[in-house]
Structure formats: C-alpha cells, structure tokens
Amino acid sequence: MSLARLKKFVTTMTRIADMASDDDTWLRAARPVLGELVAVDDWLPDAYAAPDKQYYRQYLLHCDPLERFSVVSFVWGPGQLTPIHDHTVWGLIGMLRGEEISTPYRAGMDGGIDISGEPTRLVPGQVEALSPREGDIHQVKNAFDDRVSISIHVYGGNIGAVRRHVFQADGTIKQFISGYSNGAVPNLWNQSLLGLSSDSTIRKRESASERVRHR
Ligand SMILES: [Fe+2]
C-alpha cells in the first residue's frame with residue numbers, strides 16, 4: 001500500500017487551488033483528478049478505512065494549510081446513513097469501495113423539506129459534484145446492509161470546521177460542525193513510505209581495488 005497516490009493528488013489539488021477563482025473552475029479542474037485517485041483502490045491506509053459499529057466515520061486525510069480544500073475518507077458501516085444535511089461549500093465525492101446512495105432534497109413551500117430528484121447510486125470510480133449554487137442538500141447512505149462502503153470527498157474548505165445544517169422532516173433546521181473522526185492525518189512527507197522500490201540503488205560503492213585504480 002502506498003501513499004504516493006494521495007500525495008500526488010494533494011499536490012495537484014494545491015496547484016488547482018492556486019489558480020481556481022470560483023467554484024465552477026474548482027469542480028471542472030478537480031473532478032478528473034479525484035476520478036484518477038479513486039480509479040485504483042490500493043492506497044487508503046487501514047486506519048482511515050475502519051468503520052464504527054454505530055456511526056459513519058469521517059477521517060481527515062489532508063487539509064490545505066490555507067483551508068482552501070480538504071480531503072476526507074467517508075467510511076460507511078453496513079446500513080449506516082447521514083441525516084439530511086447541506087455543505088455550504090462545493091464538494092466532490094469519489095467512490096472508492098462499495099456503493100452509496102445519495103438522495104437530493106430542497107426546502108419545501110410548507111416550511112418542510114422535500115425530495116427534489118431521483119436518488120443517485122455511486123459505484124467505484126464514479127465521481128459526483130455538489131454545489132451550493134445548485135442545491136447541496138442531500139441524505140446519503142451505504143447501499144449495502146452487509147458490508148463497508150468508502151468514498152473519498154473533497155470540499156472547498158476545512159469541512160470539519162464549516163458551519164452547516166441538518167434538516168428534520170418537521171422543518172426544524174439545526175446548525176452543526178461535523179469535526180473529524182481522527183486525531184492524526186496520514187504522513188505524506190515520509191519519503192520512505194511513498195512507494196520507492198527496494199531497487200533504488202543510485203550507484204554501488206567502489207570496491208577497494210577500484211579506488212586504488214582511480215588514484
Ligand atoms: Fe454530504
């Protein structure tokens with residue numbers, strides 16, 4: 001298992017952050033990059049793929065130092081689901097393992113909350129976008145009752161610190177800050193863990209006889 005894929009992803013996202021001036025630019029540029037990350041499921045460390053018996057987990061994998069974006073592994077235990085919630089920042093969801101179902105909602109005329117479209121089922125390698133401008137209220141659940149599903153999310157901010165909302169069927173809206181499930185992030189800067197092969201010899205040491213000959 002190598003963190004090199006995640007390191008490369010974070011590097012590319014940082015370059016996009018340096019040039020993206022609005023949500024559309026972000027989503028257009030970052031979508032294929034996330035697609036590349038979730039196309040192969042061999043890099044997510046087990047510590048960030050561990051489900052909880054009771055609640056879904058949100059493990060922070062990286063947060064941009066300027067909080068322009070964050071990367072999260074979202075781990076669903078069997079049958080787990082979110083409340084109906086919004087994000088208030090753009091988001092991209094890439095399915096890594098298993099499948100999940102997202103149902104879109106919007107505020108109803110009567111003050112309640114209504115389903116606003118067909119549910120979307122994400123399969124491994126697929127990427128979906130969320131934008132507050134187009135409506136970013138949804139409820140998400142693991143598509144399976146008998147296995148873990150994992151998606152990789154990227155958001156336009158430090159999502160664990162963003163003030164957002166949960167919506168209840170009776171119209172009650174509550175503010176929340178999600179935080180993260182983990183206290184430590186993967187170490188992307190330890191080059192010895194980033195996938196160098198064992199055959200990384202630059203040059204062999206000269207033998208004693210060669211050293212004599214070169215003098
Ligand atoms: Fe969400």
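Atoms within each ligand, like the ligands themselves, are counted from 1 in listed order.
For the pair NE2 of His87 and NE2 of His138, the angle whose vertex sits at the Fe ion (ligand 1) is 90° to 10 degrees.
The Fe ion (ligand 1) has no N, O or S atom of His153 closer than 2.8 Å.
Neither side chain, His85 nor His165, offers a donor N or O lying under 3.5 Å from an acceptor on the other.
With rounding to the nearest 0.5 Å, the separation of CG in Asp86 from CZ in Phe167 is 4.0 Å.
The backbone N or O of Leu37 lies less than 3.5 Å from a partner atom in the side chain of Trp43, making a donor-acceptor pair. The main-chain N or O of Gly157 is found under 3.5 Å from a side-chain atom of Ser70 such that the two form a donor-acceptor pair.
The nearest N/O/S atom of His85 to the Fe ion (ligand 1) is NE2.
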